[in-house]
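Contents: one structure, followed by commentary.
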Amino acid sequence: MSPVAGKRPQLSPDELHQLKWLLGGLLTLIGVSTVFYMDVDAWSLMALTTVATMATLVRPTLPARVPALVHTLAFPAIVIFFVADLWLKAEILPAMVRLDILLLLYRNLMYRQRRDDLQIIVLGLFLVVVAGVLTVSLTFAAQLLIYAGCSLALLLVVTLSEPPHGTPARPPVAPGEVPGWAQHTNWRQLFHRLREVTDWRVVGLGAVLFVGVVGVSALLFLAIPRFQIENSMFLDRFISKKAKSGFSDTIHFGDVTDIQQDNSLALSVDVSDQAQIPASPYWRMLVLDRYENGTFRLSEALRSSQFGLERTFSYLRGEALPRKGPAVYWTFYLESGVSRYLPLLGHFEMLHFREAQKFQLAPYLSILQLREEPVTMTAYRVEGFEIGNHLRDPSFAKLWAQRATQQRRQALHLMTGLTRENDIAALTRAVETVTGGEKLDAAEFGRRVSAWLKKNHAYSLSPAIPRGDGDPLMRWVESREAGHCELFAGACVLLARGAGLPARVVTGFRGGSWNGYSNNFTIRNADAHAWAEIFDEAAGAWLRVDALAPAAAAQADEVKGEAALVSRLDRSWKARLDSLRVFWYRRIVSFDRQSQAETLKAVKQAKDNLGKMLRESFAAMTSDVRAWLKAPWDVRRVGAWGGGVALAGVAFWLWRDFGRVWWHTVMGRRGHRDDPTRREAGYWLRRIGERGEVSASIDPAIVADLQRVRFGARDTWPEPARLFRRTRRAIREARAAARAR
């Protein structure tokens, strides 16, 4: 019997081509799916490529139906498309992404040669790299591993399908011609053949090696200092994002409400001391002071007077006064696409970025504006927030105190933006109703106007502003219609200005949930909010007035710490997924080395604990064995153990000679797809083939019967149980004879 008799079957050349076609399609689908992680307008191309690729996977004969003219015009058409895209959009990276997807589409509409398969790997890798630079999603990390595995598999199949050295390669498939492998493609049959030819021991070893390489790479990634890769590749200069409309320097009524319809993650915040967490945190982003016909915007006068020159630093000092005691750190992870205005809780002592950023700071507004909209997650750490209902503004307080009465009336923060006499009269009536003709300070006016608005208007995300002439905000104030946060905040501002109190609108987020798994704040776009700030002359600060806030949030001394988090605790499945994202941010993309050191320390401690546990378990087991051996051996004990060993030996002999064959026969009768009896015959053929000195002494009739059971029709089989016993005896006798020689 030759060793070839037990050789594992192999895939035919046609089956290798089918497998190449399948892996190329899978890599294309994985590559184009990265569009979900990029803010690039390529959805139509992605959908078209996905549909075309899946169609050619289901029906590999479809590329033969593509007219030859398409292949002739494909290259010039793709070049024209790319040039036109650059000319019209003037964005390099999005145009390159769309070009890449278009090339992948064309590669799946033609029968590929070896170089085409390699191009698919490179084209998909480009998309994966770009998406990896523009995202830090944990889901993307898993997708990257899948892409790497499929790429290695395709490279292996391409290598195996190469003709032997000296053999002429297959000629390219002519347009309109269907290759033989595509005519009889059956994916179910191919998967069955893959099961037959696969050596699972090799697959398992390869999987262990792959996991080991990934694990070692992850540890090295944690240990080695990192830099911001997108800046090193300048990709952030080639792609632009638009901020959410409610978080730009101009909002119309309904913009913030539109953001509230989106429940996606906007911001994650770590806090070093939970005792400092307020009951209702307000994450301020932008101050809007100018109103005109239903639109609030940041005026040029306020921008020029408050925003400093653009700077490039990795840290900056704020206006908060230093405090005694341990520092409290707030680490922010702002998702891309939210705004270039960074959320803050108020004045701060120090702010650190992961690396140098171009920014402008308005210190007394507590607003920090980046030069460009971030295309990736932006992380920054803030130390020493001043948290409360007041925001100190000594510059405005000084200016307000020096101005005469007439100058105060002309101040921008007192301009109502109303021009029609009917609107001015309506505002005057509303102010008289709220104040009762009294001169109120900011705090009392804020309480009264909030109560009056709540009494006359309910809250709704879909308000109906009455039709008619005049200003839309005043039409809503005079009505009894429900309104959203922007209408409440805008009404507070106009009424306060009508009462002679400076006021402005602030947009950002309110509240958020406390993730019970990762212990951090999770703020979603649904938490977007707008509120008013009224200048409190006595305090020299801006007082937050939110007519929609809970009663506790309107108090001067809010509940803080764990008591403030009870109502915000989130232990849902979505919180579990968000906790994984936060873990990724903390341990992988953290902007300092402290988290890296903590991770490596935790890994080392886990290794030490595991080693200690194994040593203790081995020592305890050794002690038990010694105690058992030292115990007295009486007749009863010897008999019990001797009987047990004898029963185990008999059971093993029965299973070896009868049980295994019976089990294989029963499983075969149940229609098991991988026939156990055939597998048993293959096992004995391999045993014979592995022993050259023994195989020569085996009766050729036994080998022929084993081959008949392994590969032949069932009705030609001898009795399997008897054949396997004969084989076992023949191998034992041959081995004994070999030893005797």
Side-chain angles (χ1 to χ4, degrees), residues 36-41 131 133-140 228 230 235-236 239-252 254-270 281-288 296-298 330-346 348 351 353-354 357-362 365-382 484-486 505-513 515 520-531 574 577-578 581-582 584-585 589 591:
F36 288 106
Y37 303 99
M38 298 182 285
D39 190 15
V40 174
D41 186 14
V133 170
L134 300 181
T135 185
V136 288
S137 171
L138 186 60
T139 306
F140 172 78
Q228 195 70 0
E230 69 268 20
L235 291 180
D236 57 340
I239 187 169
S240 60
K241 283 192 173 186
K242 294 182 180 179
K244 299 285 186 180
S245 58
F247 295 138
S248 61
D249 51 13
T250 300
I251 66 167
H252 306 278
D255 285 348
V256 175
T257 308
D258 290 339
I259 302 176
Q260 292 177 340
Q261 310 299 322
D262 180 11
N263 200 40
S264 60
L265 184 64
L267 180 67
S268 300
V269 184
D270 276 335
Y282 282 77
W283 317 92
R284 58 188 294 118
M285 297 175 68
L286 192 59
V287 170
L288 309 173
F296 277 94
R297 61 170 53 90
L298 175 64
W330 300 70
T331 306
F332 292 73
Y333 303 104
L334 179 66
E335 299 294 326
S336 62
V338 177
S339 177
R340 61 183 178 138
Y341 297 94
L342 303 186
L344 297 170
L345 285 172
F348 57 87
L351 186 147
F353 292 105
R354 282 190 295 167
Q357 296 278 356
K358 291 179 170 50
F359 62 86
Q360 286 181 281
L361 175 66
L365 297 180
S366 192
I367 294 177
L368 184 61
Q369 171 191 317
L370 298 181
R371 181 178 185 179
E372 297 176 349
E373 172 71 18
V375 296
T376 63
M377 184 276 296
T378 302
Y380 54 99
R381 174 172 289 179
V382 182
H484 44 56
C485 60
E486 297 145 280
V505 170
V506 183
T507 60
F509 297 99
R510 184 184 71 180
S513 61
N515 193 310
N520 70 280
F521 257 109
T522 299
I523 297 95
R524 302 187 179 279
N525 286 320
D527 298 315
H529 194 56
W531 60 93
K574 182 176 290 187
L577 297 177
D578 290 337
R581 181 193 294 263
V582 173
W584 175 263
Y585 288 166
V589 297
F591 52 86

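Heavy-atom basis, side chains included; hydrogens, waters and symmetry copies ignored.
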Item to check | side chain to side chain contact (heavy atoms under 4.5 Å, CB included) assessment of Asn515 paired with Val582 | outcome: CA-CA 10 Å; Asn515 193 310; Val582 173; 5.7 Å; no
Item to check | Non-hydrogen side-chain atoms of Lys574 and Thr522 separated by less than 4.5 Å | outcome: no
Checklist entry - With side chains defined as the heavy atoms from C-beta onward, is the minimum distance between Glu486 and Phe296 less than 4.5 Å? => result no
Checklist entry - Under the side-chain hydrogen bond (donor to acceptor under 3.5 Å, both in side chains) test, which residues partner Arg524, sequence neighbours left out? => result Asp578
Item to check | Closest non-hydrogen atom pair, Ala266 against Leu334 | outcome: O-CD1, 3.5 Å
Checklist entry - Roughly how far, to the nearest 0.5 Å, is the NZ atom of Lys358 from the CZ atom of Arg371? => result 5.5 Å
Checklist entry - If you take all heavy atoms of Ile523 and Leu265, which pair is closest and at what distance? => result O-CD1, 3.7 Å
Item to check | Pairwise distance CG(Leu342) to CG(Leu286) - rounded to 0.5 angstrom | outcome: 11.5 Å
Item to check | Minimal non-hydrogen separation, Pro343 against Met285, with atom names | outcome: CA-CG, 3.8 Å
Checklist entry - Would Phe348 and Leu368 satisfy side chain to side chain contact (heavy atoms under 4.5 Å, CB included), going step by step from the backbone distance to the final call? => result CA-CA 11 Å; Phe348 57 87; Leu368 184 61; 5.7 Å; no
Checklist entry - Would Phe332 and Thr378 satisfy side chain to side chain contact (heavy atoms under 4.5 Å, CB included), going step by step from the backbone distance to the final call? => result CA-CA 8 Å; Phe332 292 73; Thr378 302; over 6 Å; no
Item to check | Residue pair Arg381 / Thr331: nearest heavy atoms and the distance that separates them | outcome: NE-OG1, 3.1 Å
Item to check | Student check: side-chain heavy atoms of Tyr380 and Leu344 closer than 4.5 Å | outcome: yes
Checklist entry - Does Phe359 offer a backbone N or O that forms a donor-acceptor pair with the side chain of Arg340 under 3.5 Å? => result no
Checklist entry - Mind checking what makes ring-ring contact (aromatic ring centres under 6.0 Å, His included) contact with Phe521, not counting sequence neighbours? => result Trp283, Trp514
Next on the checklist: Which heavy atom of Leu365 sits nearest to which heavy atom of Val287, and what is that distance?
Outcome noted: O-CG2, 4.3 Å
Checklist outcome for this item: Note: Leu345 and Pro281 closest approach over all heavy atoms is CD2-CB, 4.0 Å
Checklist entry - Roughly how far, to the nearest 0.5 Å, is CG of Leu351 from CG of Leu361? => result 9.0 Å
Checklist entry - If you measure from CD on Glu335 to CZ on Arg581, what distance do you get to the nearest 0.5 Å? => result 4.5 Å
